[in-house]
Undergrad: 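Just dropping this structure here.
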Amino acid sequence: QVQLVESGGGLVQPGGSLRLSCAASGSILSINAMGWYRQAPGKQREFVAAITYGGTTDYADSVKGRFTISRDNAKNTAWLQMNSLKPEDTAVYSCNADVVATTRARFSSWGQGTQVTVSS
């Protein structure tokens, strides 16, 4: 059993900051890439940021310069630091992990998501 749990979402004013956490637990041998995605009402899910086991990062153009993804491999945890938030950042943010289980099976796992609302 592998579970991803996001936390840190909430209501913030434009220009504010939030830090999201994604903690993976269960029968995990290792995690390759971890990433964050978001989905706003009436819109498709979109890529936000990703980070490899070695620390290489990738960002959507819409968040470059404002968001930072990081991870701690020993803790199987990833974070998304979000600064200079805009109303258009409002969405449910979900964590994704490319998991290698202790059985050595590899699969993609998703968390339940955390709501981020940017509003005055």
Undergrad: Side chains of Arg45 and Tyr37 only: does a donor on one sit below 3.5 Å from an acceptor on the other?
TA: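 Their side chains do not contain a donor-acceptor pair, so the 3.5 Å distance test is not met.
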Undergrad: Got a sec, which pairs hit side chain to side chain donor-acceptor pair (under 3.5 Å) with one end in residues 5-17, sequence neighbours left out?
TA: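 Found Ser17-Asn83.
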Undergrad: State, to 0.1 Å, how close Leu80 and Tyr93 come at their nearest heavy-atom pair, and which atoms those are.
TA: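 Where Leu80 meets Tyr93 most closely, the heavy atoms are CD2-CD2, 4.2 Å.
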Undergrad: Any chance CD of Gln112 has more than 12 other-residue heavy atoms, nucleotides or ligands included, within less than 6.0 Å?
TA: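 No - once you tally the heavy atoms of other residues, nucleotides and ligands closer than 6.0 Å, there are 12 at most.
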Undergrad: Checking Gln115 now: which residues fulfil side-chain contact (heavy atoms from CB on, under 4.5 Å) with it, not counting sequence neighbours?
TA: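 Result, side-chain contact (heavy atoms from CB on, under 4.5 Å) vs Gln115: Thr90, Val92, Thr117.
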Undergrad: Any chance you could measure Leu20, atom CG, to Ser94, atom OG, to the nearest 0.5 Å?
TA: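 Between Leu20 CG and Ser94 OG, I get 10.0 Å after rounding to 0.5 Å.
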Undergrad: So if you build clusters from Ile, Leu, Val, Met, Phe, Trp, Tyr with side-chain heavy-atom gaps below 4.5 Å, do Phe47 and Phe67 land together?
TA: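 No.
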Undergrad: At their closest point, which heavy atom of Ile31 faces which heavy atom of Ala24, and how far apart are they?
TA: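 Residues Ile31 and Ala24, closest heavy atoms: CD1-CB, 3.7 Å.
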Undergrad: Search all heavy atoms of Ser21 against all heavy atoms of Trp79 and return the closest pair with its distance.
TA: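 Ser21 and Trp79 have their closest heavy atoms at OG-CD1, 3.1 Å.
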Undergrad: With sequence neighbours left out, which residue pairs that include part of residues 98-120 fulfil the salt bridge (Lys or Arg N to Asp or Glu O under 4.0 Å) condition?
TA: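 Pairs touching residues 98-120 that pass the test: Asp98-Arg106.
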Undergrad: Would you give the length of the straight line joining atom CZ of Arg71 to atom OG1 of Thr52, rounded to the nearest 0.5 angstrom?
TA: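 Between Arg71 CZ and Thr52 OG1, I get 7.0 Å after rounding to 0.5 Å.
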Undergrad: Apply the test salt bridge (charged side-chain N to carboxylate O under 4.0 Å, His left out) to residues Asp89 and Lys86: give CA-CA distance (whole Å), side-chain angles for both, the deciding distance (0.1 Å), then the verdict.
TA: CA-CA 5 Å; Asp89 295 320; Lys86 305 174 181 179; over 6 Å; no
Undergrad: Would you please test Thr56 and Ile51 for side chain to side chain contact (heavy atoms under 4.5 Å, CB included) and show each step?
TA: CA-CA 5 Å; Thr56 301; Ile51 184 168; over 6 Å; no
Undergrad: What's the shortest heavy-atom distance between Val2 and Ser109, and which atoms?
TA: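 The answer is CG1-OG, 4.1 Å.
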Undergrad: Could you report the tightest heavy-atom contact between Ala101 and Phe107, atom names first, then the distance?
TA: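 Smallest heavy-atom distance, with atoms named: CB-CE2, 3.8 Å.
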Undergrad: Identify the two heavy atoms, one from Arg38 and one from Ala91, that lie closest to each other, and give their separation to 0.1 Å.
TA: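 Distance-wise, the nearest heavy atoms are CB-CB, 3.7 Å.
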Undergrad: Donor-acceptor pair, distance only, cut-off 3.5 Å: does the side chain of Asn76 make one with the backbone of Ala23?
TA: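 Checking the backbone N and O of Ala23 against the side chain of Asn76, no donor-acceptor pair under 3.5 Å is found.
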Undergrad: If we count only N and O atoms by modelled type, under 3.5 Å, do the side chains of Asn96 and Ser108 hold a donor and an acceptor together?
TA: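 On atom types as modelled, these side chains qualify, holding a pair under 3.5 Å.
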Undergrad: Indicate yes or no: at least one non-hydrogen side-chain atom of Pro87 is less than 4.5 angstrom from one of Ser119.
TA: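 Result no, sub-4.5 Å side-chain heavy-atom pair not found.
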Undergrad: Treat each ILVMFWY residue as a node, draw an edge where side-chain heavy atoms are under 4.5 Å apart, and state whether Met82 and Tyr59 are in one component.
TA: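 Yes; tracing contacts between hydrophobic side chains, which count when under 4.5 Å, links both residues.
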Undergrad: In sequence, state the C-alpha distance, the side-chain angles, and the governing distance for Trp110 and Cys95, and then conclude on side chain to side chain contact (heavy atoms under 4.5 Å, CB included).
TA: CA-CA 6 Å; Trp110 289 88; Cys95 179; over 6 Å; no
